[in-house]
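I have placed the structure first, in the form of structure tokens, so that the comments after it can refer back to it.
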Amino acid sequence: MLDLGYVRQNLELVRRKLNDRGVSGLLADFETVDNERRKYLVEAERRKARRNQVSGEIAVLKKQGGDAASLVAEMKLLGAEIDDFDREAAARDQTLRAVLERIPNLPHESVPVGKSAEENVEIRRWGEPRQFEFEPKPHWELGPSLGILDFDRAAKIAGARFAVYAGVGAQLERALANFMLDVHTREHGYTEIFPPFIVNSATLFGTGQLPKFKEDLFKLEGSDYWLIPTAEVPLTNLYAGEVLLEESLPIKLCAWTACFRSEAGSYGKDTRGLIRQHQFQKVELVKLTSPESSYDELESLTRDAGRVLELLGLPYRVVALSTGDLGFSSAKTYDLEVWLPSSEGYREISSCSNCEAFQARRANIRIRRGKGGKTALLHTLNGSGVAIGRTWLAIIENCQESDGSVRVPEVLQPYLGGLQKIIPQTHHL
RNA sequence: GGAGGGAUGGGUGAGUGGUUGAAACCGGCGGUCUUGAAAACCGUUAGCCCCGAAAGGGGCUCGGGGGUUCGAAUCCCUCUCCCUCCGCCA
């Protein structure tokens, strides 16, 4: 959420920046409503001041045994006026809030201006896509033929966009989770958290998923419980409503969770394989930082995520999202894209964002700064470190051999009991 | 699921209709003292919103929402969360 005062004072700048994001019209009657709101507020507050003053006089009068009847009568009338003005002001206030809550974050000045993902800018590459001396298979063929992945039975018990991992397939999923958590906690200094996978709507408001994107979420019937679409939601909101000491920053958290997304509106997109699922697992990185350091922290967070892919030997590139491709809460985002032979291209496997104070304002997360002890909003960042399902399939595809087996990256072997090669499984799947 | 008890500022915790935005203590900050520190003592210390160029003034906020009243931290309704006991349960 943007600051009301900031929007008021920088209306044209805000409009222009939103326009860069492809958003327009949201602030059409902002000025009118804002002025009306203040007009009614002033009228109400002037009368409240009078009422407070007279209430004191009534108290004194009564204590002295005097007659306050005429004053009480006057206050009764005044009270009715206050109600009227309060109602008018509140209506405008609600309108403004509704607008503010739905305005996306403003892009940072370093974000490339563009309409869509087409205008994202490649920042760097790591690794060389492998040249296959045979026709590589996509993971949705390799997985089932190895007996480690089953979409048909998943569809039977749940539906489309679900997967069942079996045997070494299930173990690989678990190995990746442990491996990634170990890298981030032991090498990068993140604190491991295991949060609830279910949160309430206030929490989803805090990180910006609500109220605008509820159709992307799964809601539990008859409750205010929602399945988390990413661990960013519980992790960032861990400190909602709190005032933290500035010395305690940066706070660096990581968590392995399942993530649940309705994927409404993605019909026909990535229907094959593991790329787009209703449930997937992810290790998430979240940082709470001072406003001054958040862009440095974004760089290191992006490197922390990339390190996972480098250790696994998976070629990837980093792209800076253009203004038109930015997520709702983000001021700047780097995507990590891993090389996938089945796509003959790079596909998103991590998204690292600096949300500046956008989420902190919604969730009311502050720090106490300096000696005077003034509070200020901190900055929040998040990034996948990284998506496990997509890593799973990237390994299957990139490390496949001509005989249909898959070479296990060295760093993962200790997590798989020393397994070096995945060969067709003989269990019942 | 049943019965009861709670929620107050950065923290602990007083306060049951009228100068209480809130005692006291702890913590923080500034100062006195000290070579320095500690101790002691003195002072200071909530957030948001509105008017104003500023100085300053005003409003709102005691878990959330609604109500009673001239006036609510205090009374009523409701929701949420926490605690205790009983029941059930991985």
Side-chain angles (χ1 to χ4, degrees), chain A residues 1-9 30-101 194-206 210-211 219-220 222-226 234 237-249 251 288 290 357 360-378:
Chain A
M1 195 158 64
L2 302 179
D3 178 60
L4 176 65
Y6 180 85
V7 175
R8 184 182 293 145
Q9 281 159 31
F30 180 87
E31 256 177 311
T32 315
V33 179
D34 184 44
N35 287 332
E36 286 178 1
R37 169 183 171 265
R38 273 180 294 167
K39 189 182 81 190
Y40 288 118
L41 197 61
V42 168
E43 293 296 333
E45 287 189 356
R46 185 179 300 158
R47 285 164 177 79
K48 285 178 185 175
R50 164 84 181 145
R51 181 177 68 185
N52 288 341
Q53 187 202 337
V54 175
S55 283
E57 292 170 10
I58 291 175
V60 172
L61 252 179
K62 290 208 164 178
K63 218 166 229 168
Q64 295 169 345
D67 178 20
S70 67
L71 282 178
V72 168
E74 186 198 335
M75 287 307 99
K76 213 159 199 163
L77 290 176
L78 195 63
E81 284 180 32
I82 289 172
D83 282 348
D84 289 342
F85 284 118
D86 265 347
R87 220 182 341 268
E88 295 296 334
R92 269 76 179 177
D93 199 51
Q94 207 169 13
T95 305
L96 286 184
R97 273 198 81 79
V99 171
L100 276 182
E101 285 171 2
F194 189 74
F197 293 5
I198 295 175
V199 294
N200 57 32
S201 47
T203 297
L204 285 156
F205 178 85
L210 290 180
K219 184 175 191 192
L220 301 187
S223 71
D224 186 39
Y225 290 149
W226 307 70
N237 282 286
L238 236 33
Y239 298 96
E242 295 190 30
V243 180
L244 307 172
L245 294 176
E246 192 170 20
E247 305 87 81
S248 62
L249 303 183
I251 292 173
L288 307 189
S290 68
R361 188 172 293 111
R362 296 172 83 97
N364 193 23
I365 312 174
R366 291 169 296 169
I367 45 170
R368 192 167 292 286
R369 343 195 53 166
K371 300 176 179 179
K374 265 289 179 193
T375 59
L377 296 168
L378 48 69

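The structure presented is a predicted model; accordingly, all values stated were derived computationally and were not measured. Chain identifiers are assigned alphabetically (A, B, ...) following the order of the sequence lines, protein sequences preceding nucleic acid strands; residue numbering begins at 1 within each chain.
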Write down the distance separating the P atoms in G4(B) and G15(B), rounded off to the nearest Å.
-> 23 Å
C1' atom, C48(B) versus C62(B): distance in rounded Å?
-> 15 Å
Residues Glu43(A), Lys39(A): salt bridge by 4.0 Å N-O rule = no
Would you indicate which nucleotide in G59(B), C70(B), C51(B) comes nearest to any side-chain atom of Ser55(A)?
-> C70(B)
Residue met sooner reading RNA chain B from 5', once Ala49(A) and Arg366(A) are mapped to nucleotides = Arg366(A)
Basic-acidic side-chain contact under 4.0 Å: Arg38(A), Asp34(A) = yes
Give one of base, sugar-phosphate or nothing for Leu71(A), where a contact means two heavy atoms less than 4.0 Å apart.
-> nothing
Can you tell me how far C1' of G66(B) sits from CG of Asp83(A), to the nearest Å?
-> 13 Å
Rounded to the nearest angstrom, tell me the gap between atom NZ in Lys39(A) and atom P in G59(B).
-> 22 Å
Does C75(B) have a Watson-Crick or wobble mate here (both distances under 3.5 Å), and if so which one?
-> G67(B)
Would you kindly give the CG-to-P distance between Asp86(A) and C60(B), to the nearest whole Å?
-> 9 Å
Which part of the nucleic acid, if any, lies within contact of Asn52(A), taking any heavy atom under 4.0 Å across all strands shown: a base, the sugar-phosphate backbone alone, or nothing?
-> sugar-phosphate
In whole angstrom, give me the gap between the P atoms of C25(B) and G18(B).
-> 25 Å
Consider only side-chain N and O atoms of Thr203(A) and Asn200(A), and report whether a donor and an acceptor are under 3.5 Å apart.
-> yes
What integer number of Å spans the P atoms of A72(B) and A14(B)?
-> 25 Å
Roughly how far apart, to the nearest Å, are U68(B) and G11(B) at atom C1'?
-> 35 Å
Arg37(A) side chain near C50(B) phosphate (N/O to OP1/OP2, under 4.0 Å) = yes
Over how many whole Å does the gap from Glu36(A) atom CD to C50(B) atom P extend?
-> 16 Å
Does Arg38(A) place a side-chain N or O at less than 4.0 Å from the phosphate oxygens OP1/OP2 of C51(B)?
-> yes
With rounding to whole Å, what would you report as the distance between G21(B) and G63(B) at their P atoms?
-> 16 Å
Paired to C85(B) by Watson-Crick or G-U wobble criteria (both distances under 3.5 Å) is G2(B)
Contact class for Arg97(A) vs. all strands (heavy atom < 4.0 Å): base, sugar-phosphate, or nothing?
-> nothing
Which base sits across from A23(B) as a Watson-Crick or G-U pair, both distances under 3.5 Å?
-> none
With rounding to whole Å, what would you report as the distance between A22(B) and U44(B) at their P atoms?
-> 13 Å
Here the distance between atom P of G52(B) and atom CD of Glu45(A), to the nearest Å, is 13 Å
Exercise: identify the closest heavy-atom pair between Trp226(A) and Ser201(A) = NE1-CB, 3.6 Å
Please state the C1' separation for the pair U20(B) and G31(B) - nearest whole angstrom.
-> 29 Å
Whole-Å distance between C51(B) P and Glu43(A) CD?
-> 13 Å
C50(B) OP1/OP2 closer than 4.0 Å to side-chain N/O of Arg8(A) = yes
Check every strand shown and say whether Arg46(A) touches a base, only sugar-phosphate, or nothing at a heavy-atom separation below 4.0 Å.
-> nothing
Any strand is fair game: report the nucleotide pairing with G56(B) by Watson-Crick or G-U wobble, both distances under 3.5 Å, or none.
-> C51(B)
Considering every strand shown, what is the Watson-Crick or G-U wobble mate of A7(B) when both distances are under 3.5 Å?
-> U80(B)
State whether the side chain of Arg361(A) and the backbone N or O of Met1(A) hold a donor-acceptor pair below 3.5 Å, judged by distance alone.
-> yes
Take atom CD in Gln94(A); do more than 12 heavy atoms of anything else shown fall under 6.0 Å from it?
-> no
Going by an N to O cut-off under 4.0 Å, is there a salt bridge joining Arg51(A) and Glu81(A)?
-> no
Distance, rounded to the nearest Å, where Leu41(A) contributes CG and U61(B) contributes C1' = 14 Å
Side chain of Ile58(A) (C-beta onward), nearest among G59(B), G18(B), C49(B) = G18(B)
When the distance from CD1 of Ile365(A) to C1' of G47(B) is rounded to whole Å, what number comes out?
-> 17 Å
